[in-house]
Novice: 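Dropping a structure here in C-alpha cells format, bear with me for questions.
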Amino acid sequence: MSYSREIDKKWQKIWEENELYKFDRNKLDKKLYCLEMFSYPSGANLHVGHWYNFGLTDSWARLKRMQGYNVFHPQGFDAFGLPAENYAIKTGIHPKDSTMKNIDTMKRQLKEMGATFDWDYEVVTCAPEYYKWTQWIFLQLYKKGLAYRKNAPVNWCPSCKTVLANEQVLDGTCERCNSEVTRKNLTQWFFKITEYAQELLDCLPDLDWPEKTKKIQTNWIGRSEGAQIQFKVDSEDKSSDITFNVFTTRADTLYGVTYVVLAPEHDLVDKITTPEYKDAVEEYRKQVTKVSEIDRLSTTREKTGVFTGAYAIHPLTGEKVQIWIADYVLGGYGTGCVMAVPAHDERDYEFAKKYGLDIIRVIKGKEGVDDNLPFVEDGLLTNSAEFDTVPSQEARLGIVEKLAKQGKGELKVTYRLRDWLVSRQRYWGAPIPIIHCEKCGTIPVPEDQLPVELPYNVVFTPDGESPLAKCEEYINTTCPTCGGHARRDSDTLDTFVCSSWYYLRYPDNKNDKEAFNPEWINKMLPVDKYVGGAEHAAMHLLYARFFTKALRDMGYLNFDEPFLSLIHQGSILGSDGQKMSKSRGNTVTPDEYINKYGSDVFRMYLAFGFAYIEGGPWSDDGIKAIDRFVGRIDRLVEKFISERGKASSNTMGADEKELNFVRHNTIKSVTQDTDQFQFNTAIARLMELVNALYKYDLLNNKNMGLLEDILKDLIKLLSPFAPHFAEEMWQTMGEKESIFNQSWPTYDEKALVKDEVELAVQFNGQIKFKINVPSNSDNNEIENLVKNDSRSAQYLEGKNIVKIIVVKGRLVNIVVK
RNA sequence: GCGGACAUGGCGGAAUUGGCAGACGCACUAGAUUUAGGAUCUAGCGGGAAACCGUGGGGGUUCAAGUCCCUUUGUCCGCACCA
C-alpha cells in the first residue's frame, strides 16, 4: 500500500492500542526528558510553527528512543490567558468553554502528527487540579518572603486593561497588543526574582544553551559594579540630618561632582524642596507623568529638569552642590539618585550646558589621548586632592576606601533586573490566593482551602474593571484568621507563573497531595532537551529558572537549573519570505497539506527544507520533492519484495563495497546530524543512500542479502522523520514487531575505509588535477606518486620544489618557485 | 547610539571548523519509457570558447581562506538615558 493519510491512521490506531509510547516509570537509569514549550490553545488550528517545533523534536526523541533511552515526552496546554477573555468580551462565549473546545481540537491535531507524546501525563494550566498548585507555590514564595505587595509605578496597558511586567513592555509598548504603555501607581504583587540575580547570572556559562540566549539573559539581568556614596542634604536644621545614596560606576570622578539629580518620583523630593521652588517642582513632576513611555525612553530627546532649591554636601570636599530633579534619572534603577559629573558623562554634560551648571575636569587622558570634554574614558585624576595623577581604575577603589572610613561609601553591585510583577487585573488566570481583611491585613488562604476556584458566572463587559472584582460572591469571604468579613484579592496571576513550573508537574501530573513528589521529580528532572521559540529568552526562561532555584532553596528540589540543553527552532515564513499572516494571505495551513500528502511528508519537508534553527520561506515545490522521495523509497521496497527469492549473488565486489560505504556513511551522518538537530543534512544523506540503491538496482546480478540489510537500515534511519511510512515499509519487509522497538543502526568503521582515495593535487595552491592513491599510502609514497604523475611535469619544469604539503585523504599542495 | 548574528548559483540550503566551494533538493535542459503526461528512470546543470574567474565590497595573514584578522556596505535581532 503506497503512503497516504490512511497509513497514518492505521498506525496511529495500532500505536495507541499497543500503548507503544507509554513511559516506563521503572527504568530511570536511561531516562531522557524531552520537552517542547507547551502551546497556547488558540482558536485557530495547529500552525506550521507548532509542527516545526513538535514534529521535529519528536523525530529527535524517536532517535533517542531507538538508541535505547527511556524517553519521557509529555505534552500539555498553557491554557490561561488574555485571548480567550478578549474573545469572551467580543462573543460572550466563556473562556473556559472556548479554551476546552480549542484544547480538544488541538489535541486531535497533535495526535494526527503521530508523535511519541504520552498523553497520560498531560497538563492543562487552567484546570483547578493544576492551578491549585500554582497557588500553592505562590503561598510558598509568600512564606519565604519572595512574594510581596508594594505600591509602585507600574506599566499599564490601557488596551489590555492590566499591568505588565517589565519584560512584557517592548519599546514602551505592550508586547501583546502594541498599545502604548502608560505609568500608574498601584499596589501589586511582585516576585523577588532580584534575590536570585547573581545566581541566575552565575549558572549561565554551564548551560548548553544558544549563546545568543545567554547573552540576552545576561543583558537583562544587567550586573553593574560600582560604589554607593552617601550625600548629606544641607540644612540649617542640624537636628534633622537627611542623607541619600547615589550609585556610580565612576567613583574616580567624585571630585568632579557639581550637582546631584534625583528621579522626579523619588520620595525625598517632597522633603527637601524649598518653598520657593515647590510650584516649579510640582509642575515638572506633573509633566513627567504626562510624557509617554515611548518619549521618555528616547535617548535623543532633550534633557529636562528643575532645581529643588536644596543643596547637598559633597562627601569629600564639603562643598555645597545643587540638587535637581530630572527624568533622565530613573526611579527604579540603582538608588534613583545620581551624582552628576558633567565633565565626564555625556548626559550630565548636556544637562549642565543647558542649565548653566559648573563643569570641572577631574580626569585627564593619558598621553596622546584626545580628552576633550565630555571625556568619558578612564585616565589620570586631576583636581582631586591627594588622588591627582592616580589612574582611574586605582582611584575608584582608593576613593571608596576613603569614604568607607568615614562611613560615607562602599563598593556595591546593582542589577538592571527588577522584581517580577505578577498581578493581572484580568479574569482568565489563576486567582491570587490571598484574602484582605480590614482587621488582620493581608492573609494567605490556608493551604487546605486551595484551590481558590475561579467562579464561572462572571460578567465580561469591557468597562475596565476586572470580572472578578465585580463578582460579589467571589470577592466577599470570611477572614481565615478572625472570621470577620474580608475580601479576596481580585487579581489573577500572570500566565508566566503557570508556565514557570509545568515541567515539574508533567512527571507527577496526577498527584493530588502535592504539587509534585520531590523524590520522584528529583529523579525525573532536570529536562534534558528543551525546544521552543527564541521569543521566550528573557521571560519564560528566566522565570522558570527562578522558580527552580526558589523551590530548591525551600527544599523541594535538589538541582539548580531546569533545562540543561536548549534549542530554539527558527520560524517558517510564507513563500514570499514574509512573516505568515492572514492579512498578507501567505499562511500555510498544515491540515491541507496533510490531507494531500500525509503527515510524514509534511514533517519531512519541514526537516529537509530549512536549517532548523534558522527557519525560512515555505515552498510548495519543496514539499512535492519530499513526496517524490517517499515514492522512490516505496517503489524501491516494492521492487525488492517482488524480486526477493530470485537469483542472487553473495559476493562483496566493488559495487557492493561502494554501496556498503554509502550505507555506513549514511548511518554515521544521520545519527550525528539528527542528534544535533541538523535534520536537513540528515535527510540529504538519506537521499544519497536512496540514490545509491537505485544505482545498484540497475545491475544485473545483485546481492539480495546485502540489499535487504541495507533497505532495513534505510527504513530505520528514516523512521524518526516518517514514522507512519517507515512502520508500513517495515511491515512490508515482513517484520512483525514495531520498528520503534528496534535498535538504531550503528556504523562499521571498516566499511568507511576505501581502498583508494582521490586527492586533489595543487601547485602553489591551485588545483590542477585529481589523483587516486591507495588509502594506506604514507606521505612519502603520495609525494612520489604525485611527482611522477605525467600531469605534474608541466608545472615542475624549470622550477624548484620549495615545499610539499600532504593533507591525508584530501589534497597535496606542491609549492614551486 | 551600543552590542551581537548573518551575507554562498535562478531558488532552499551544504561545506569534516583553515584543506577539492556549491552536498542534497527545487527550477531548468537533454535522452529513455509511455497512447499521452504535470508520472517514472537516466544524464547534464556557478560564470567563461579557453587560460582562468568566482562565497556582499576592499585590504591582510597563510603553502592553502566561505572559514582567521582589519575595514566597508546591507539585512535581521537584542539593549537603549542603567548612572
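Below, read A as the first sequence line, B as the second, and so on, with proteins coming before strands; counting in each chain starts at 1.
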Novice: Near RNA chain B, counting only heavy atoms under 4.0 Å, which residues of residues 534-543 of chain A show up?
Specialist: none
Novice: For A:Glu195, check side chain to side chain contact (heavy atoms under 4.5 Å, CB included) against everything at least two apart and list the hits.
Specialist: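 Side chain to side chain contact (heavy atoms under 4.5 Å, CB included) check on A:Glu195 returns A:Leu146, A:Lys192.
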Novice: Which atoms of nucleotides 6-13 of chain B (N or O only) lie under 3.5 Å from a protein N or O atom, and what are those distances?
Specialist:
from   : atom 1 : to       : atom 2 : distance (Å)
B:rG12 : O2'    : A:Gly609 : O      : 2.6
B:rG13 : OP1    : A:Gly615 : O      : 3.2
B:rG13 : O3'    : A:Asn680 : ND2    : 3.2

Novice: Applying side chain to side chain contact (heavy atoms under 4.5 Å, CB included), can you list everything that pairs with A:Lys817, at least two apart in sequence or on another chain?
Specialist: A:Val802
Novice: Whether A:Lys215 contacts B:rC2 is assessed here as follows: a side-chain N or O lying under 4.0 Å from the phosphate OP1 or OP2. Is that the case?
Specialist: no
Novice: For A:Ser392, enumerate each residue passing the side chain to side chain donor-acceptor pair (under 3.5 Å) test, keeping only those at least two apart in sequence or located in another chain.
Specialist: A:Asp252
Novice: My understanding is that only residues two or more places apart in sequence, or in another chain, count here; which of them pass side chain to side chain contact (heavy atoms under 4.5 Å, CB included) with A:Gln569?
Specialist: A:Tyr52, A:Asn53, A:Val531, A:Tyr612
Novice: Considering the options A:Leu811, A:Asn772, A:Ile771, A:Val773, which one meets the side-chain contact (heavy atoms from CB on, under 4.5 Å) requirement together with A:Glu758?
Specialist: A:Asn772
Novice: Is B:rC2 paired to anything, Watson-Crick or G-U wobble with both distances less than 3.5 Å, and if yes, which nucleotide?
Specialist: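 Pairing partner, where one exists within any strand: B:rG78.
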Novice: A:Asp345: what forms a salt bridge (charged side-chain N to carboxylate O under 4.0 Å, His left out) with it, not counting sequence neighbours?
Specialist: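 Salt bridge (charged side-chain N to carboxylate O under 4.0 Å, His left out) check on A:Asp345 returns A:Arg347.
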Novice: Extract all donor-acceptor atom pairs below 3.5 Å that involve side chains of residues 664-672 of chain A and protein atoms in other chains or at least two apart in sequence.
Specialist:
from     : atom 1 : to       : atom 2 : distance (Å)
A:His664 : ND1    : A:Asp748 : N      : 2.9
A:Thr666 : OG1    : A:Val662 : O      : 2.6
A:Ser669 : OG     : A:Asn665 : O      : 2.9
A:Thr671 : OG1    : A:Ile667 : O      : 2.5
A:Thr671 : OG1    : A:Trp744 : NE1    : 2.9

Novice: Which residues pass the side chain to side chain donor-acceptor pair (under 3.5 Å) test with A:Asp358, not counting sequence neighbours?
Specialist: none
Novice: In whole Å, I'd like the distance from the CZ atom of A:Arg632 to the C1' atom of B:rU42.
Specialist: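 In whole Å, B:rU42 C1' lies 10 Å from A:Arg632 CZ.
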Novice: Do A:Lys212 and B:rC77 share a donor-acceptor pair, side chain to base, under 3.5 Å?
Specialist: no
Novice: So what's B:rC41 paired with, Watson-Crick or G-U wobble, going by both distances under 3.5 Å?
Specialist: B:rG31
Novice: Distance between the C1' atoms of B:rG66 and B:rA21, in whole angstroms?
Specialist: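 Result for the C1' pair: 7 Å, nearest Å.
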Novice: To the nearest Å, how far apart are A:Asn219 CG and B:rC79 P?
Specialist: 8 Å
Novice: Give the table of side-chain donor-acceptor pairs shorter than 3.5 Å for residues 792-801 of chain A, with sequence neighbours excluded, one pair per line with atom names and distance.
Specialist:
from     : atom 1 : to       : atom 2 : distance (Å)
A:Ser792 : OG     : A:Val786 : O      : 2.6

Novice: Given the rule in the ring pair (Phe, Tyr, Trp, His ring centres under 6.0 Å) test, do A:Trp51 and A:Tyr605 qualify, once you have shown the distances and angles that lead to the verdict?
Specialist: CA-CA 11 Å; A:Trp51 263 90; A:Tyr605 168 60; over 10 Å; no
Novice: When you check every protein heavy atom under 4.0 Å of nucleotides 26-33 of chain B, what one-letter string (B, S, -) results, 5' to 3'?
Specialist: S-------
Novice: Please list, for nucleotides 18-20 of chain B, all pairs of protein and nucleotide N/O atoms separated by less than 3.5 Å.
Specialist:
from   : atom 1 : to       : atom 2 : distance (Å)
B:rG19 : O2'    : A:Arg810 : NE     : 3.1
B:rC20 : O2     : A:Lys770 : NZ     : 2.7
B:rC20 : N4     : A:Glu758 : O      : 3.4

Novice: Kindly label the base of B:rU17 as syn or anti, based on whether its glycosidic torsion lies within 90° of 0.
Specialist: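 This nucleotide is in syn.
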